[in-house]
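Below: one structure, written as structure tokens.
Values below: all heavy atoms of this structure, side chains included; hydrogens, waters and symmetry mates excluded.
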Amino acid sequence: MNKQPWLLLFAMALIIAAQLAAASTSNKWRLQFSGGANSDGTIVIRLSPKEGEALEAAVDIEDGRSENGVAKDVVSGLKEQVGDRFHVERDDGEDVLIKKRRGNSNFGVEVISNTVKGVRINLDRE
């Protein structure tokens, strides 16, 4: 069996994935939290600037926190862990806005993991 077609398909998939990652950057992101915490857990968020190193922030959440409380904890955790490269604020109680600071490049956002039962996170590029 000739393995070259599989290698070509794999290489094309890597190129497409890299293009999608580059296309999914913005100057502002909205994280929408829904559902309260039904367990203790940790939310890990990665901020990946178009230029520069990615930053990861791990935020511990306590059981019983409302969706607004979870958003508040994420804002505090991000501010503490990513420094002043980004502006982080709450919006509408349960949403978190992350904006690039002047002079910084657009960035991508990923939720690497969420071990908090009952909490759902939707990402929207703005």
Side-chain angles (χ1 to χ4, degrees):
M1 178 189 302
N2 188 351
K3 293 184 181 182
Q4 287 181 350
W6 293 108
L7 289 174
L8 179 60
L9 286 173
F10 181 72
M12 290 173 60
L14 287 177
I15 290 169
I16 291 170
Q19 289 174 339
L20 287 174
S24 63
T25 62
S26 180
N27 65 335
K28 179 171 50 170
W29 288 85
R30 178 179 298 271
L31 284 69
Q32 299 171 328
F33 291 87
S34 57
N38 295 327
S39 71
D40 289 342
T42 302
I43 297 171
V44 180
I45 298 170
R46 178 183 296 147
L47 306 176
S48 303
K50 207 174 198 181
E51 299 168 6
E53 265 184 59
L55 304 168
E56 284 189 11
V59 181
D60 293 327
I61 306 296
E62 292 182 7
D63 184 15
R65 295 291 279 164
S66 67
E67 60 190 25
N68 289 5
V70 172
K72 185 176 182 180
D73 293 345
V74 169
V75 167
S76 296
L78 284 174
K79 283 182 175 182
E80 187 177 293
Q81 296 177 52
V82 300
D84 43 345
R85 286 183 60 186
F86 300 94
H87 176 76
V88 183
E89 66 184 56
R90 261 192 331 152
D91 185 42
D92 295 334
E94 71 278 357
D95 292 355
V96 173
L97 294 178
I98 307 171
K99 304 173 191 176
K100 75 173 188 170
R101 295 243 186 227
R102 181 172 285 151
N104 290 321
S105 62
N106 285 355
F107 62 101
V109 174
E110 297 172 82
V111 177
I112 300 300
S113 66
N114 174 11
T115 62
V116 185
K117 291 182 178 147
V119 172
R120 294 173 308 284
I121 308 167
N122 292 319
L123 299 173
D124 288 324
R125 189 174 21 185
E126 296 210 344

Quiz item: At their closest point, which heavy atom of Ala71 faces which heavy atom of Gly93, and how far apart are they?
Solution: CB-O, 3.5 Å
Quiz item: Within the distance-only criterion (no hydrogens, no angle test), does the side chain of Ser39 pair as donor or acceptor with the backbone N or O of Lys117 below 3.5 angstrom?
Solution: yes
Self-check item: Pairwise distance CD(Gln32) to CG(Leu123) - rounded to 0.5 angstrom
Solution: 9.0 Å
Quiz item: At what distance, to the nearest 0.5 angstrom, does OG of Ser26 lie from CG of Asp124?
Solution: 10.5 Å
Self-check item: Inter- and intrachain pairs under ring pair (Phe, Tyr, Trp, His ring centres under 6.0 Å), touching residues 63-104, at least two apart
Solution: Phe86-Phe107
Quiz item: Does atom CD of Glu62 have more than 12 heavy-atom neighbours, drawn from other residues, nucleotides or ligands, at distances under 6.0 Å?
Solution: no
Quiz item: Do Val82 and Ile43 belong together in a cluster built from hydrophobic side chains that touch within less than 4.5 Å?
Solution: yes
Self-check item: Where at least one partner belongs to residues 63-74, residue pairs that pass salt bridge (Lys or Arg N to Asp or Glu O under 4.0 Å), sequence neighbours excluded
Solution: Arg65-Asp73
Quiz prompt | Pair listing, ring pair (Phe, Tyr, Trp, His ring centres under 6.0 Å) test, anchored in residues 44-68, at least two apart | solution = none
Self-check item: Check: Val109 and Ile45 side chains under 4.5 Å, non-hydrogen atoms
Solution: yes
Quiz prompt | Distance in Å, Asn38 CG paired with Ile61 CD1, rounded so as to fall on 0.5 Å steps | solution = 13.0 Å
Quiz prompt | Contact summary for Val44 and Ala58, nearest pair of heavy atoms | solution = CG2-CB, 4.1 Å
Quiz item: Tell me, which pairs form a salt bridge (Lys or Arg N to Asp or Glu O under 4.0 Å) where one or both residues lie in residues 24-49, sequence neighbours left out?
Solution: Lys28-Glu126, Arg30-Asp91, Arg30-Asp95, Arg30-Glu126, Arg46-Glu56, Arg46-Glu110
Quiz item: Which residue pairs pass the side chain to side chain donor-acceptor pair (under 3.5 Å) test when at least one of the two sits in residues 97-107, sequence neighbours left out?
Solution: Lys100-Asn106
Exercise. Begin from the C-alpha positions of Val88 and Val96 and carry the test side chain to side chain contact (heavy atoms under 4.5 Å, CB included) through to its verdict.
Key: CA-CA 7 Å; Val88 183; Val96 173; 3.9 Å; yes
Quiz prompt | Pairs meeting criterion ring pair (Phe, Tyr, Trp, His ring centres under 6.0 Å) with involvement of residues 40-63, two or more places apart | solution = none
Exercise. Measure across Leu78 and Ala57 and return the closest heavy-atom pair with its distance rounded to 0.1 Å.
Key: CD2-CB, 3.6 Å
Quiz prompt | Main-chain N/O of Leu55 paired with Arg85 side-chain donor or acceptor, under 3.5 Å | solution = no
Quiz item: Considering all heavy atoms of both residues, which atom of Ala37 and which atom of Val70 are nearest to each other, and what is their separation?
Solution: CB-CG2, 4.4 Å
Exercise. Output the distance between atom CZ (Phe33) and atom CD1 (Ile121), rounded to the nearest 0.5 Å.
Key: 4.5 Å
Quiz prompt | Euclidean distance, Ile112 CD1 relative to Asn114 CG, rounded to 0.5 Å | solution = 12.0 Å
Quiz item: Taking atom CZ of Arg125 and atom CG of Asn27, what is their separation to the nearest 0.5 Å?
Solution: 10.5 Å
